[in-house]
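Just so it is clear: chains get the letters A, B, ... in the order the sequence lines come, proteins before strands, and each one is counted from 1.
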There are 2 protein chains.
Amino acid sequence: MTHDPIKRFRRFARSVTTEVGALDDSFLGRGRSLGAARVLNAIGHGRTDVAELRQYLNLDSGLLSRLLRQLEGEGLITVTPHPTDARARIAALTETGADEFAAYEDISDSRSRDLFDRHPHPQALLDAMDLIASALGRDRIRTEVQDPRAPQALFCLQEYYAELGRRFETGFDVNLSCDPQATDMMAPRGTFLVALSDDMPIGCVGIKGNGGPVAEVKRLWIAPSARGLGLAKRLMQQAEDAARALNITTLRLDTNSALPEALRLYQTTGWTEIPRFNDDPYPDHFFEKHLE
Amino acid sequence: MTHDPIKRFRRFARSVTTEVGALDDSFLGRGRSLGAARVLNAIGHGRTDVAELRQYLNLDSGLLSRLLRQLEGEGLITVTPHPTDARARIAALTETGADEFAAYEDISDSRSRDLFDRHPHPQALLDAMDLIASALGRDRIRTEVQDPRAPQALFCLQEYYAELGRRFETGFDVNLSCDPQATDMMAPRGTFLVALSDDMPIGCVGIKGNGGPVAEVKRLWIAPSARGLGLAKRLMQQAEDAARALNITTLRLDTNSALPEALRLYQTTGWTEIPRFNDDPYPDHFFEKHLE
DNA sequence: TCATTTATCTGACTTAGGTCAGGTAAATTC
DNA sequence: GAATTTACCTGACCTAAGTCAGATAAATGA
């Protein structure tokens, strides 16, 4: 009876809805409608263009306009013309606005901190949240090209190195491996793709090029919570497309038998195993793929 | 940066909110307001007294009354006087109403089924949901006295046996152990308590009495997702209170060293170890506590 | 019995949230 | 340079949701 997945899912939905409702109620405690509070929060989180706000919050332009007027009237934000497009406008928090924003942040932070502080296994709780967020958000995963030194890209790389350290018997030291130059993984030589789920980085892959027709696939990583969703295949597909657009005709990669999922992926998506083509100490398998 | 628990919690909240919003939108597709749909669903789930509906849905009596009138007008429900209290009223689905209720159930079922079907580890997903639901709902956990043969009580007992089977090297067979008669764990001889979190059973404990001043504590079980929240201590406290109310002055219990959390609980909450007092093959530790 | 409480209903009212049809001014396209 | 598109704003309007003050009738307690 109660082990019925649907009932358990419902219980989960109910408990989360209650939590969200309680958070909304405490937001209302600051004497502002939820709509206005949401706009203020989005601005505080760096969504400053009015157009971006409209899209992110999914608001009618008339409604957003009125909410902006209200926040402006309260002295919490200023709205100024966009520097390069005089039709568009940019919202910014005033000093009072920043204080008010911080107050909202405090409310939601203290709720989540309280949740983790009181729990016997906060790490398990976080992992559970990641797993569910990845599952619920799988159709909203988007990929963007990033500088490999950008914060979200760096996060992926660090997680990638940490994972190799756990998987390899010998551990993993980036300095012993040939760490690509960032510019080799940026246009026009290469590219670096980051997969985002609700703005959290959950995967990456790099194409390291040298301007010629042969390039390497590097740093393919998928967050544990997002594995099994077919994301690796999708990222590789996008990486190949990007390589084609850079006039690359042959891709190579190296990998290790301690990463069986990766080996299986390459074996089933048109890669052919080739002899060792570098002297990196870690890899023990090498693949190649000719692009159309 | 992104490994920041608060950011991860926010991402979780956002993905869940999006999911709930999408579900609400598909509910709206049936041409009825969310409020009316919620009332219809609550009735379908067995909340038939108007007073119960009001409390469960947290609605103003005027508002609920109007929603009931609307559903009645659509021919989905009938509202009849309460058989024993002519002031109160009882709502029931008509045949059309049951169909409409089933349609809503279908919508939400298919969403959750889809989620599990498409996921590589549905069991992990469910466990994650249980963990989060228990953590978020910990302040709403309530205990109720149940017949040990009631569905929720039985669910707890089955989980309890399954867990013993996993913990004991020899496995566990209820038939070899002395399984208490249900009536020995019901008033006036004893009691059986079930802990519920958002209507899902997550723990139980029984007092098995014989009408005399000495009784036994049996079947203390806490769902894995709810461990570490102090629930066992709370259930034991409530069981002791119930025993006192039944004029029981001495409680005994047996346990096994394969259950170290239980041993620790008894050792730290006023129980004293005593010699074996039965010939049940499973236990290897025995405790006693005198109630004031 | 009579006053009080309880369960529900009705009607008047408020508010948040949202839609829609223009209007203005800048940017873009032809 | 004219026509079109884009970004935002304003004002009119609508609806779901919720609040509040009685009204009614049954149940309860003194």
Under-4.0 Å salt bridge between Asp199(A) and Lys7(B): no
Asp139(B)/Arg118(A) ion pair, N-O < 4.0 Å: yes
From Val16(B), Leu136(B), Ile132(B), residue fulfilling side chain to side chain contact (heavy atoms under 4.5 Å, CB included) relative to Glu19(A): Leu136(B)
Those residues that, when tested against Glu72(B), pass side-chain hydrogen bond (donor to acceptor under 3.5 Å, both in side chains) (two or more places apart): Arg69(B)
Pair Arg140(B)-Ser15(A), side-chain donor/acceptor within less than 3.5 Å: no
Residues within residues 28-56 of chain A bordering DNA chain C, heavy-atom distance below 4.0 Å: Ser33(A), Leu34(A), Gly35(A)
Separation of atom NE2 in His82(A) from atom P in dT28(C), rounded to whole Å: 11 Å
Leu71(A) CG - dC8(D) P separation (whole Å): 16 Å
Those residues that, when tested against Asp127(A), pass side-chain contact (heavy atoms from CB on, under 4.5 Å) (two or more places apart): Gln123(A), Arg8(B)
Set of residues satisfying side-chain contact (heavy atoms from CB on, under 4.5 Å) with respect to Glu240(A), sequence neighbours excluded: Gln237(A), Arg244(A), Leu251(A), Trp271(A), Lys289(A), Leu291(A)
Whole-Å gap separating P (dG18(C)) and CG (Leu64(A)): 12 Å
Phosphate OP1/OP2 of dC9(D): any Arg69(A) side-chain N/O under 4.0 Å: yes
Pairs under 3.5 angstrom, nitrogen or oxygen only, protein versus nucleotides 27-30 of chain D, please.
residue : atom : partner  : partner atom : Å
dA27(D) : OP1  : Ala86(B) : N            : 3.1
dA27(D) : O4'  : Arg87(B) : NE           : 3.4

Protein-nucleotide distance (Leu57(B), atom CG; dA16(D), atom C1'), rounded to Å: 15 Å
Presence of salt bridge, Arg10(A) and Asp109(B), under 4.0 angstrom: yes
Spacing between Arg89(B) atom CZ and dA25(D) atom C1', to the nearest angstrom: 12 Å
Whole-Å distance separating the CG atom of Leu67(B) from the P atom of dT8(C): 15 Å
Any side-chain donor near an acceptor of the partner, Arg54(B) and Ser65(B), under 3.5 Å: no
Taking only N/O atoms, report every protein-nucleotides 18-24 of chain D pair under 3.5 Å with atom names and distance.
residue : atom : partner  : partner atom : Å
dT19(D) : O4   : Arg66(B) : NH2          : 3.1

Other residues, nucleotides, ligands: >12 heavy atoms within 6.0 Å of Asn58(B) CG: no
Distance, rounded to the nearest Å, where Gln70(B) contributes CD and dT15(D) contributes P: 13 Å
Distance-only polar pair, side chains of Tyr104(A) and Arg32(A), donor-acceptor under 3.5 Å: yes
